[in-house]
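Here is the structure we will look at.
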Amino acid sequence: MGFGRFTLLLIAVSGFAQQAPPLPQDAVAAAGKTAATEYAAKREAALAPVFQFISLNDYASALAAVRPVLAAYPRDFRVLFLAADATRVTGDFAGALALYQQCLALNTLYVGSIHLGMARTYAGMNQWAEFNRERVIVQKIALTGDPNLSLERGYVVEDYRSGTLHIEILEFAASGPAATTRFRFLFTNSFDKAARFTPSIDLEANPADATSFAHQFPYQAAAHIRPFALAEYPNMRSRTFLKFYPDGEPPYEDVRRDVLALAASFPGKVPVGEKAAGEYRPPYQPKPAQTPKP
(Lines give C-alpha, C1' and ligand atoms only; values in the text may rest on other atoms or scores of the structure.)
Protein backbone atom coordinates (compact mmCIF):
# COMPACT_ATOMS: atom_id res chain seq x y z
CA MET A 1 0.00 0.00 0.00
CA GLY A 2 1.46 3.35 -1.02
CA PHE A 3 1.83 6.25 1.32
CA GLY A 4 1.22 9.78 0.00
CA ARG A 5 -0.33 13.06 0.92
CA PHE A 6 -3.84 11.94 0.11
CA THR A 7 -3.48 8.18 0.76
CA LEU A 8 -6.18 6.74 3.01
CA LEU A 9 -4.65 4.62 5.70
CA LEU A 10 -7.20 2.15 6.97
CA ILE A 11 -6.70 0.84 10.47
CA ALA A 12 -8.83 -1.99 11.76
CA VAL A 13 -10.15 -1.07 15.18
CA SER A 14 -12.91 -3.14 16.87
CA GLY A 15 -13.91 -4.56 13.51
CA PHE A 16 -14.32 -1.16 11.86
CA ALA A 17 -12.07 0.57 9.27
CA GLN A 18 -11.16 4.05 10.39
CA GLN A 19 -9.39 6.80 8.36
CA ALA A 20 -6.16 8.11 9.86
CA PRO A 21 -6.29 11.85 10.71
CA PRO A 22 -4.69 14.09 8.05
CA LEU A 23 -1.23 15.51 8.65
CA PRO A 24 -1.10 19.15 9.77
CA GLN A 25 -0.63 21.49 6.80
CA ASP A 26 2.79 22.70 7.94
CA ALA A 27 4.00 19.12 8.23
CA VAL A 28 2.82 18.41 4.69
CA ALA A 29 4.63 21.49 3.41
CA ALA A 30 7.79 20.55 5.29
CA ALA A 31 7.69 17.03 3.88
CA GLY A 32 7.24 18.41 0.37
CA LYS A 33 10.11 20.86 0.83
CA THR A 34 12.40 18.11 2.10
CA ALA A 35 11.56 15.89 -0.85
CA ALA A 36 12.18 18.74 -3.30
CA THR A 37 15.52 19.54 -1.68
CA GLU A 38 16.61 15.91 -1.83
CA TYR A 39 15.49 15.67 -5.46
CA ALA A 40 17.46 18.79 -6.44
CA ALA A 41 20.56 17.62 -4.57
CA LYS A 42 20.56 14.25 -6.33
CA ARG A 43 19.98 15.88 -9.72
CA GLU A 44 22.79 18.42 -9.24
CA ALA A 45 25.16 15.65 -8.15
CA ALA A 46 24.31 13.78 -11.34
CA LEU A 47 24.84 16.94 -13.41
CA ALA A 48 28.21 17.83 -11.87
CA PRO A 49 30.26 16.05 -14.59
CA VAL A 50 28.15 17.77 -17.25
CA PHE A 51 28.98 21.23 -15.89
CA GLN A 52 32.63 20.27 -15.61
CA PHE A 53 32.79 19.37 -19.31
CA ILE A 54 30.91 22.55 -20.26
CA SER A 55 33.42 24.64 -18.29
CA LEU A 56 36.13 23.03 -20.45
CA ASN A 57 34.12 23.78 -23.61
CA ASP A 58 33.94 20.02 -24.23
CA TYR A 59 30.36 19.69 -25.37
CA ALA A 60 30.78 16.24 -26.88
CA SER A 61 31.70 14.87 -23.46
CA ALA A 62 28.98 17.01 -21.84
CA LEU A 63 26.40 15.47 -24.15
CA ALA A 64 27.59 11.95 -23.36
CA ALA A 65 27.45 12.76 -19.64
CA VAL A 66 23.99 14.31 -19.73
CA ARG A 67 22.29 11.44 -21.58
CA PRO A 68 22.04 9.07 -18.59
CA VAL A 69 20.88 11.99 -16.44
CA LEU A 70 18.17 12.74 -18.97
CA ALA A 71 17.09 9.09 -18.88
CA ALA A 72 16.74 9.36 -15.10
CA TYR A 73 15.06 12.81 -15.20
CA PRO A 74 13.12 12.84 -18.50
CA ARG A 75 10.74 15.63 -17.47
CA ASP A 76 13.15 17.87 -15.61
CA PHE A 77 13.47 21.24 -17.36
CA ARG A 78 17.01 21.93 -16.17
CA VAL A 79 18.27 18.59 -17.49
CA LEU A 80 16.34 18.94 -20.75
CA PHE A 81 17.68 22.42 -21.41
CA LEU A 82 21.29 21.36 -20.78
CA ALA A 83 20.79 18.40 -23.08
CA ALA A 84 19.27 20.65 -25.77
CA ASP A 85 22.19 23.09 -25.61
CA ALA A 86 24.81 20.33 -25.74
CA THR A 87 22.99 18.66 -28.61
CA ARG A 88 22.90 21.93 -30.56
CA VAL A 89 26.56 22.77 -30.01
CA THR A 90 27.63 19.31 -31.16
CA GLY A 91 25.72 19.76 -34.43
CA ASP A 92 22.61 17.61 -34.01
CA PHE A 93 20.22 20.43 -34.83
CA ALA A 94 17.11 18.29 -35.35
CA GLY A 95 17.70 16.62 -31.99
CA ALA A 96 18.23 19.99 -30.32
CA LEU A 97 14.96 21.37 -31.70
CA ALA A 98 13.06 18.35 -30.39
CA LEU A 99 14.53 18.88 -26.92
CA TYR A 100 13.79 22.62 -26.95
CA GLN A 101 10.19 21.83 -27.88
CA GLN A 102 9.98 19.54 -24.85
CA CYS A 103 11.33 22.39 -22.75
CA LEU A 104 8.58 24.68 -24.02
CA ALA A 105 5.96 22.12 -23.04
CA LEU A 106 7.32 21.92 -19.49
CA ASN A 107 8.28 25.48 -18.59
CA THR A 108 6.78 28.93 -18.98
CA LEU A 109 9.32 30.82 -16.85
CA TYR A 110 12.25 30.62 -19.28
CA VAL A 111 10.40 30.88 -22.58
CA GLY A 112 12.76 33.57 -23.87
CA SER A 113 15.82 31.42 -23.24
CA ILE A 114 14.19 28.45 -24.94
CA HIS A 115 13.31 30.45 -28.05
CA LEU A 116 16.84 31.86 -28.03
CA GLY A 117 18.19 28.31 -28.10
CA MET A 118 15.91 27.56 -31.03
CA ALA A 119 17.09 30.69 -32.86
CA ARG A 120 20.71 29.60 -32.44
CA THR A 121 19.79 26.17 -33.73
CA TYR A 122 18.16 27.55 -36.88
CA ALA A 123 21.23 29.74 -37.44
CA GLY A 124 23.34 26.61 -37.40
CA MET A 125 21.02 25.13 -40.01
CA ASN A 126 21.15 28.30 -42.16
CA GLN A 127 17.35 28.46 -41.98
CA TRP A 128 17.05 32.22 -41.78
CA ALA A 129 13.27 32.58 -42.01
CA GLU A 130 12.89 30.32 -38.96
CA PHE A 131 15.84 32.01 -37.25
CA ASN A 132 14.29 35.46 -37.67
CA ARG A 133 10.91 34.21 -36.47
CA GLU A 134 12.47 32.96 -33.23
CA ARG A 135 14.71 36.03 -32.95
CA VAL A 136 11.72 38.38 -33.10
CA ILE A 137 9.98 36.34 -30.40
CA VAL A 138 13.08 36.66 -28.21
CA GLN A 139 13.34 40.39 -28.90
CA LYS A 140 9.73 40.96 -27.82
CA ILE A 141 10.27 38.96 -24.64
CA ALA A 142 13.48 40.88 -23.90
CA LEU A 143 11.63 44.17 -24.20
CA THR A 144 9.20 43.03 -21.48
CA GLY A 145 12.10 42.94 -19.04
CA ASP A 146 13.07 39.26 -19.01
CA PRO A 147 16.10 39.17 -16.64
CA ASN A 148 17.73 36.44 -18.73
CA LEU A 149 17.75 38.65 -21.84
CA SER A 150 19.68 41.77 -20.93
CA LEU A 151 18.81 44.95 -22.80
CA GLU A 152 22.09 46.54 -21.68
CA ARG A 153 24.50 43.67 -22.26
CA GLY A 154 22.72 42.03 -25.18
CA TYR A 155 22.35 38.29 -25.69
CA VAL A 156 23.97 35.85 -28.10
CA VAL A 157 21.75 34.98 -31.06
CA GLU A 158 24.41 33.07 -32.97
CA ASP A 159 27.69 31.37 -32.14
CA TYR A 160 29.63 31.23 -35.41
CA ARG A 161 32.68 28.96 -35.74
CA SER A 162 34.77 28.24 -38.80
CA GLY A 163 38.29 26.91 -38.36
CA THR A 164 40.03 29.23 -35.90
CA LEU A 165 37.42 31.96 -36.40
CA HIS A 166 34.92 32.26 -33.55
CA ILE A 167 32.34 35.05 -33.53
CA GLU A 168 29.67 35.53 -30.89
CA ILE A 169 26.87 37.64 -32.32
CA LEU A 170 24.93 39.68 -29.78
CA GLU A 171 21.61 41.37 -30.36
CA PHE A 172 20.55 44.45 -28.41
CA ALA A 173 16.77 44.27 -28.38
CA ALA A 174 16.02 47.99 -28.06
CA SER A 175 15.71 49.61 -31.48
CA GLY A 176 14.15 53.00 -30.74
CA PRO A 177 15.70 56.43 -31.43
CA ALA A 178 17.75 56.32 -28.21
CA ALA A 179 19.31 52.94 -29.04
CA THR A 180 22.52 52.84 -31.04
CA THR A 181 23.95 49.30 -31.21
CA ARG A 182 21.72 46.63 -32.76
CA PHE A 183 24.19 43.78 -33.31
CA ARG A 184 27.72 43.20 -32.11
CA PHE A 185 29.97 40.63 -33.79
CA LEU A 186 32.55 39.77 -31.14
CA PHE A 187 35.75 38.16 -32.43
CA THR A 188 36.27 36.10 -29.30
CA ASN A 189 39.40 34.32 -30.56
CA SER A 190 41.07 37.75 -30.84
CA PHE A 191 40.59 38.77 -27.23
CA ASP A 192 43.24 41.23 -26.04
CA LYS A 193 44.20 39.80 -22.68
CA ALA A 194 46.20 42.83 -21.52
CA ALA A 195 43.38 45.28 -22.25
CA ARG A 196 40.59 42.81 -21.45
CA PHE A 197 38.92 43.82 -24.69
CA THR A 198 37.39 41.79 -27.51
CA PRO A 199 37.48 43.40 -30.98
CA SER A 200 34.13 43.66 -32.70
CA ILE A 201 32.23 44.86 -35.72
CA ASP A 202 28.95 46.51 -34.76
CA LEU A 203 25.80 47.38 -36.63
CA GLU A 204 24.74 50.68 -35.15
CA ALA A 205 22.65 53.76 -35.74
CA ASN A 206 25.20 56.31 -34.62
CA PRO A 207 24.19 60.00 -34.51
CA ALA A 208 27.83 60.87 -35.22
CA ASP A 209 27.39 59.39 -38.70
CA ALA A 210 24.36 61.52 -39.64
CA THR A 211 26.34 64.21 -41.50
CA SER A 212 28.33 61.71 -43.56
CA PHE A 213 25.15 59.79 -44.31
CA ALA A 214 23.42 62.96 -45.57
CA HIS A 215 26.35 63.69 -47.90
CA GLN A 216 26.36 60.20 -49.37
CA PHE A 217 22.59 59.60 -49.40
CA PRO A 218 20.83 63.00 -49.48
CA TYR A 219 17.47 61.63 -50.62
CA GLN A 220 17.34 59.04 -47.85
CA ALA A 221 18.42 61.62 -45.29
CA ALA A 222 15.72 64.02 -46.49
CA ALA A 223 13.20 61.21 -46.07
CA HIS A 224 14.42 60.80 -42.45
CA ILE A 225 15.64 57.25 -43.03
CA ARG A 226 17.66 56.24 -40.03
CA PRO A 227 21.33 55.71 -40.96
CA PHE A 228 22.65 52.28 -40.02
CA ALA A 229 26.33 51.54 -40.45
CA LEU A 230 28.96 48.92 -39.78
CA ALA A 231 31.77 50.13 -37.54
CA GLU A 232 34.85 48.27 -36.39
CA TYR A 233 36.23 48.48 -32.85
CA PRO A 234 39.73 46.96 -33.00
CA ASN A 235 40.62 48.28 -29.54
CA MET A 236 39.19 50.40 -26.76
CA ARG A 237 40.37 53.67 -28.33
CA SER A 238 39.42 53.28 -31.97
CA ARG A 239 36.30 53.26 -34.08
CA THR A 240 36.58 52.67 -37.82
CA PHE A 241 33.64 53.35 -40.11
CA LEU A 242 33.12 50.53 -42.63
CA LYS A 243 29.89 51.03 -44.62
CA PHE A 244 26.39 52.48 -44.62
CA TYR A 245 23.07 50.73 -45.19
CA PRO A 246 21.03 53.45 -46.94
CA ASP A 247 17.59 51.86 -46.59
CA GLY A 248 17.26 51.70 -42.82
CA GLU A 249 17.97 48.68 -40.66
CA PRO A 250 19.19 45.88 -42.94
CA PRO A 251 18.21 42.19 -42.69
CA TYR A 252 20.34 40.23 -40.26
CA GLU A 253 21.54 37.89 -43.03
CA ASP A 254 22.92 40.84 -45.04
CA VAL A 255 24.87 42.18 -42.08
CA ARG A 256 26.18 38.72 -41.25
CA ARG A 257 27.35 38.17 -44.83
CA ASP A 258 29.17 41.51 -44.86
CA VAL A 259 30.89 40.89 -41.53
CA LEU A 260 32.05 37.41 -42.54
CA ALA A 261 33.44 38.82 -45.79
CA LEU A 262 35.35 41.48 -43.83
CA ALA A 263 36.64 38.88 -41.38
CA ALA A 264 37.92 36.74 -44.24
CA SER A 265 39.75 39.68 -45.83
CA PHE A 266 41.67 40.60 -42.67
CA PRO A 267 43.11 37.32 -41.35
CA GLY A 268 45.17 37.50 -38.19
CA LYS A 269 45.12 41.29 -37.91
CA VAL A 270 44.87 41.12 -34.13
CA PRO A 271 46.70 38.69 -31.83
CA VAL A 272 44.82 35.58 -30.84
CA GLY A 273 44.13 35.34 -27.12
CA GLU A 274 41.66 33.84 -24.74
CA LYS A 275 38.19 35.18 -24.02
CA ALA A 276 37.65 37.01 -20.77
CA ALA A 277 35.16 35.44 -18.43
CA GLY A 278 32.26 37.78 -17.90
CA GLU A 279 33.68 40.55 -20.06
CA TYR A 280 31.21 43.36 -20.58
CA ARG A 281 31.25 46.34 -22.92
CA PRO A 282 28.13 48.53 -23.07
CA PRO A 283 26.42 49.45 -26.33
CA TYR A 284 27.97 52.42 -28.09
CA GLN A 285 26.64 55.69 -26.63
CA PRO A 286 28.26 58.84 -28.05
CA LYS A 287 28.43 61.92 -25.83
CA PRO A 288 27.49 65.35 -27.21
CA ALA A 289 30.39 67.57 -28.28
CA GLN A 290 32.96 64.88 -27.57
CA THR A 291 34.91 62.43 -29.68
CA PRO A 292 32.84 59.21 -29.63
CA LYS A 293 34.45 56.29 -27.83
CA PRO A 294 33.08 52.76 -27.49
Side-chain angles (χ1 to χ4, degrees), residues 57 59 85 88-93 96-97 115-136 138-139 153-173 175 179-192 197-206 209 213 216-217 226-236 238-276 279 281 283-284 294:
N57 205 32
Y59 279 88
D85 273 357
R88 170 180 57 81
V89 175
T90 53
D92 180 4
F93 299 125
L97 286 174
H115 282 287
L116 184 56
M118 295 174 71
R120 294 174 183 170
T121 305
Y122 284 123
M125 301 169 75
N126 292 319
Q127 295 187 8
W128 299 112
E130 292 81 1
F131 165 82
N132 282 312
R133 180 193 67 213
E134 296 298 322
R135 187 179 62 77
V136 169
V138 174
Q139 182 185 18
R153 295 173 179 265
Y155 46 84
V156 178
V157 293
E158 185 182 355
D159 189 38
Y160 178 86
R161 298 171 187 265
S162 179
T164 60
L165 181 62
H166 180 200
I167 305 175
E168 285 187 352
I169 305 164
L170 281 71
E171 177 168 10
F172 296 85
S175 58
T180 53
T181 306
R182 278 293 285 126
F183 292 99
R184 173 166 291 153
F185 294 73
L186 281 170
F187 290 77
T188 62
N189 59 321
S190 299
F191 169 65
D192 184 338
F197 182 86
T198 303
S200 72
I201 295 177
D202 294 6
L203 175 71
E204 55 189 33
N206 189 337
D209 293 328
F213 182 79
Q216 292 187 43
F217 304 99
R226 193 177 186 192
F228 279 85
L230 279 184
E232 181 184 10
Y233 294 91
N235 54 61
M236 295 186 70
S238 303
R239 175 184 185 265
T240 303
F241 172 84
L242 296 174
K243 68 170 291 184
F244 276 125
Y245 294 92
D247 299 317
E249 182 175 343
Y252 173 85
E253 309 92 282
D254 292 355
V255 181
R256 179 183 186 272
R257 182 181 61 246
D258 290 342
V259 171
L260 292 181
L262 288 165
S265 65
F266 298 108
K269 62 177 178 176
V270 283
V272 174
E274 59 187 67
K275 187 184 176 202
E279 178 196 1
R281 176 155 49 103
Y284 184 81

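The structure presented is a predicted model; accordingly, all values stated were derived computationally and were not measured.
Of all heavy-atom pairs spanning Pro234 and Pro199, the tightest one is O-CG, 3.8 Å. Across all their heavy atoms, Gly124 and Phe93 have their closest contact at O-CE1, 3.4 Å. Closest heavy-atom contact between Tyr233 and Phe197: O-CE2, 3.5 Å. Closest non-hydrogen pair, Arg88 versus Gly117, comes out as CD-O, 3.7 Å. Here the shortest heavy-atom pairing between Asn189 and Leu165 reads ND2-CA, 3.8 Å. Here the shortest heavy-atom pairing between Gly154 and Phe172 reads N-CE2, 3.6 Å.
A salt bridge does not link Arg182 with Glu204: every distance from a Lys NZ or Arg NE/NH1/NH2 to an Asp or Glu carboxylate oxygen is 4.0 Å or more.
Between Tyr160 and Leu260, some side-chain heavy-atom pair lies under the 4.5 Å cut-off. Using a 4.5 Å heavy-atom threshold, the side chains of Asn235 and Asp192 count as separate. Counting heavy atoms from C-beta on, the side chains of Glu253 and Asn132 come closer than 4.5 Å. No side-chain heavy atom of Glu158 sits under 4.5 Å from any side-chain heavy atom of Phe183. Side-chain contact between Phe187 and Ile201 is present, with heavy atoms from C-beta onward closer than 4.5 Å.
Within the 3.5 Å criterion, the main-chain N or O of Ala173 finds a donor-acceptor partner in the side chain of Gln139. For the pair Asp202 (side chain) and Thr181 (backbone), a donor-acceptor distance under 3.5 Å is absent. Of the possible polar contacts, one joining the Arg120 side chain to the Val156 backbone as a donor-acceptor pair under 3.5 Å is found. Using modelled atom types, no side-chain atom of Thr198 and backbone atom of Leu186 make a donor-acceptor pair closer than 3.5 Å.
In this structure, CZ in Phe228 is found 4.5 Å from CD in Glu249, a value given to the nearest 0.5 Å. Atom-to-atom distance recorded for Asp85:CG and Asp159:CG is 10.5 Å, nearest 0.5 angstrom. With values rounded to the nearest 0.5 angstrom, His166 atom NE2 is found 4.0 Å from Thr188 atom OG1.
With sequence neighbours excluded, the residues satisfying side-chain contact (heavy atoms from CB on, under 4.5 Å) with Val89 are Tyr59.
Note on ring orientation: taking the six-membered ring where Trp is involved, the planes of Phe217 and Phe213 are tilted (angle from 30° to 60°).
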| task | Show your reasoning for whether side-chain hydrogen bond (donor to acceptor under 3.5 Å, both in side chains) applies to Glu171 and Tyr252. | result | CA-CA 10 Å; Glu171 177 168 10; Tyr252 173 85; over 6 Å; no
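Between the side chains of Asp258 and Tyr245, at least one donor-acceptor pair of N or O atoms lies under 3.5 Å.
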